[in-house]
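Quick caveat: nothing in here was measured; it's all calculated off a predicted structure. Note that ligands are numbered from 1 as they come in the structure, with each ligand's atoms numbered from 1 the same way.
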Amino acid sequence: MIGGRRVLLAVTGGVAAFKAATLARLLIERDAQVRAMMTVPARKFLGSNTLAAITGHPVIVDLFNDAESVSPHTEAAEWADLVVVAPATAASVARLAQGLSSDPVTATIMAATCPVVVAPAMHTAMWKHPATQRNLDTLRSDGVAVLGPIVGRLAGGDRGPGRMMEPEELLEGIQALFAAPLRGVRVLVTAGGTREAIDPVRFLSNHSSGKMGHAVAAEAARRGAETTLVTCSPLPSPPAVKRVDVVSAHDMAEAVSSIEVDVAVMTAAVADFRPQKSHGSKLARSEGFNVLELAPTRDVLGEVVGRKTRPRVVVGFAAETGNVERAIGKARKKGVDLMVANDVTIPGSGFESDNNQVVLIRRNGEAEPWPLQAKSRVAAGLWDEVTRLLEEG
Ligand code: CTP
């Protein structure tokens with residue numbers, strides 16, 4: 001757990017900086033070793049002496065005039081098991097997303113290989129700004145855990161989302177991170193839309209971007225799972241994930257067939273049909289090809305469910321157009337433990353979007369609608385469910 005772990009508490013310049021002192025104390029009470037670092041604006045809100053007194057160590061405030069070290073950021077980065085940025089202002093989130101190492105906090109994080117947590121704190125308008133959301137998505141896809149913010153009273157006296165999580169909640173989030181509940185669990189995730197070649201130029205495919213599958217794989221790895229991602233998507237690899245690139249349903253089935261796992265999450269939009277014949281050279285319009293003979297593809301999920309060594313938990317995804325109820329029958333027919341159904345006709349959800357509105361269907365046919373939320377959050381909720389199923393045995 002958190003006892004004995006080395007936590008670097010990085011404070012940036014927002015009113016919520018005062019809560020960092022409580023967080024430092026809570027971490028120390030749980031026997032974590034805590035050191036602190038602050039940006040210049042942070043010191044307008046909280047004295048560095050306060051954090052020095054609580055942690056029992058000098059606080060890093062300056063990369064160039066540090067009496068103790070010539071390279072405080074690389075030393076701190078090497079020392080830390082975890083960096084927690086609390087509060088993380090809109091500006092520090094932006095700098096981090098851009099890799100601008102212009103202050104002690106971002107310089108240290110760029111030099112660090114350990115996990116990083118950010119706890120955003122800012123006014124609602126700044127929180128909602130597309131630039132902030134874009135920057136946070138970048139951080140999430142870089143493997144940074146974003147905790148909060150919560151809805152509550154803000155520095156200006158008004159209320160809304162943007163308030164930093166309370167120190168007690170942050171502590172819980174940090175503890176969960178160290179707990180790595182999926183350590184030792186082998187996970188397979190399929191992602192993206194397969195491409196079935198007609199000829200060297202043309203193919204049959206669908207609108208799947210792979211964002212959902214890559215988010216599922218990222219979250220599994222973040223929770224400590226040994227994760228393999230078999231993907232058709234050009235999206236970057238999430239950190240600590242083994243990646244296998246494939247093109248067609250056949251390639252995907254082949255790649256998956258040799259991977260033994262405890263949990264399989266099949267988010268891929270696998271083409272149901274492929275051209276019966278894939279032509280070796282480009283079909284010319286002048287030849288007037290107008291009938292495409294199709295043949296069924298391999299059922300990747302079916303092959304996984306039908307294995308002698310079936311994974312303990314198999315999750316299917318079902319993209320539907322309007323009739324999500326259909327997915328309940330599909331879950332039963334396919335023999336999955338969980339089915340994640342989404343209506344791809346909902347605006348701002350599903351294919352290519354960063355958000356998804358899904359209905360979770362359990363083994364007993366119970367359907368639980370989830371709100372429209374970031375795909376990373378859907379992934380987190382899904383792994384909570386899978387973890388419960390693994391615990392039930
Ligand atoms: N799937 C698969 N291999 C296929 C087709 C689907 O592994 N050849 C998986 C998908 O990854 C997904 C689940 O099966 O997890 C459901 O996919 P879907 O296309 O909704 O299922 P179908 O049986 O093709 O349903 P439909 O009748 O709607 O086409």
Side-chain angles (χ1 to χ4, degrees), residues 187-197 203-217 220 227-233 235 244-259 261 263-276 278 294-307 310-346 349-352 356-363 365 367 375 378-379 382-383 385-386 389:
V187 165
L188 163 72
V189 180
T190 64
T194 65
R195 289 181 174 190
E196 312 300 326
F203 54 80
L204 297 178
S205 191
N206 54 67
H207 290 297
S208 171
S209 62
K211 284 183 181 172
M212 190 65 243
H214 281 234
V216 168
T227 310
T228 306
L229 173 64
V230 177
T231 182
C232 304
S233 165
L235 288 173
V244 182
D245 286 293
V246 293
V247 177
S248 66
H250 180 79
D251 296 346
M252 184 170 276
E254 280 300 297
V256 163
S257 68
S258 59
I259 303 171
V261 286
V263 180
V265 184
M266 317 298 275
T267 76
V270 184
D272 290 322
F273 296 97
R274 60 175 172 82
Q276 185 135 40
S278 169
L294 299 178
T297 52
R298 279 169 71 174
D299 181 356
V300 187
L301 185 145
E303 290 179 20
V304 168
V305 169
R307 280 183 195 175
R310 179 195 190 275
R312 287 165 62 199
V313 178
V314 179
V315 183
F317 270 66
E320 303 289 348
T321 48
N323 186 1
V324 169
E325 288 295 301
R326 239 185 119 233
I328 298 178
K330 205 183 269 186
R332 200 176 319 113
K333 207 175 75 198
K334 291 191 176 271
V336 294
D337 303 290
L338 291 170
M339 182 65 98
V340 182
N342 65 328
D343 179 350
V344 293
T345 62
I346 297 176
S349 172
F351 291 142
E352 290 168 12
N356 213 353
Q357 186 171 342
V358 305
V359 177
L360 185 79
I361 298 158
R362 299 201 171 83
R363 277 178 194 146
K375 286 183 173 171
V378 175
L382 182 63
W383 284 114
E385 286 288 332
V386 171
L389 288 180

| task | May I ask whether K333 places a heavy atom under 4.0 Å from ligand 1? | result | no
Requested in this report: State whether the shortest distance between N or O atoms of R326 and N or O atoms of ligand 1 falls below 3.5 angstrom.
Outcome: yes
| said: With a 3.5 Å distance limit and no angle check, can you tell me whether E320 reaches the backbone of A341 through a side-chain donor-acceptor pair? | reply: no
Atom 18 (P) of ligand 1 has as its nearest protein heavy atom K330 NZ, 3.6 Å
Taking every heavy atom of S208 against every heavy atom of A269, the minimum-distance pair comes out as CB-CB, 3.6 Å
- Student check: side-chain heavy atoms of L382 and V265 closer than 4.5 Å: yes
So CZ of F203 and CZ of R195: to nearest 0.5 Å the spacing works out to 3.5 Å
query = Would you say ligand 1 has an N or O under 3.5 Å from any N or O of V300?
reply = yes
Between C232 and the options T190, V246, V270, V247, the side-chain contact (heavy atoms from CB on, under 4.5 Å) test singles out V246
**Prompt:** Has ligand 1 got any nitrogen or oxygen that is less than 3.5 angstrom from a nitrogen or oxygen of A268?
**Reply:** yes
Report yes or no: does K334 contribute a side-chain atom to a donor-acceptor pair with the main-chain N or O of G329 at less than 3.5 Å? no
* Check: M212 main-chain N/O paired with T267 side-chain donor or acceptor under 3.5 Å -> no
Quiz item: Any N/O of L301 closer than 3.5 Å to an N/O of ligand 1?
Solution: yes
Counting from 1 in the order shown, the ligand 1 atoms closer than 4.0 Å to a non-hydrogen atom of T297 are 8 (N)
Going by distance only, is there an N or O of F317 that falls short of 3.5 Å from an N or O of ligand 1? yes
- prompt: Between T190 and ligand 1, is there a nitrogen or oxygen pair with a distance under 3.5 Å?
  reply: no
Here the atoms of ligand 1 under 4.0 Å from any heavy atom belonging to R298 are 3 (N), 4 (C), 8 (N)
State whether the side chain of D343 and the backbone N or O of T321 hold a donor-acceptor pair below 3.5 Å, judged by distance alone. no
To atom 6 (C) of ligand 1, the nearest of V270, V305, T321 on a heavy-atom basis is V270
ask   = ligand 1 and M266, any nitrogen or oxygen pair closer than 3.5 angstrom?
value = yes
How about V315 and M339: do any of their side-chain heavy atoms sit closer than 4.5 Å? no
Interatomic distance, NZ@K330 vs CD1@I361, rounded to 0.5 Å, equals 9.5 Å
Counting from 1 in the order shown, the ligand 1 atoms closer than 4.0 Å to a non-hydrogen atom of D272 are 5 (C), 24 (O), 29 (O)
Note: E320, heavy atoms under 4.0 Å from ligand 1, region reported as neither
Per-atom filter on ligand 1: closer than 4.0 angstrom to a heavy atom of G316 are 15 (O)
Closest to atom 22 (P) of ligand 1 (heavy atoms only, candidates M339, K334, M252, E303) is K334
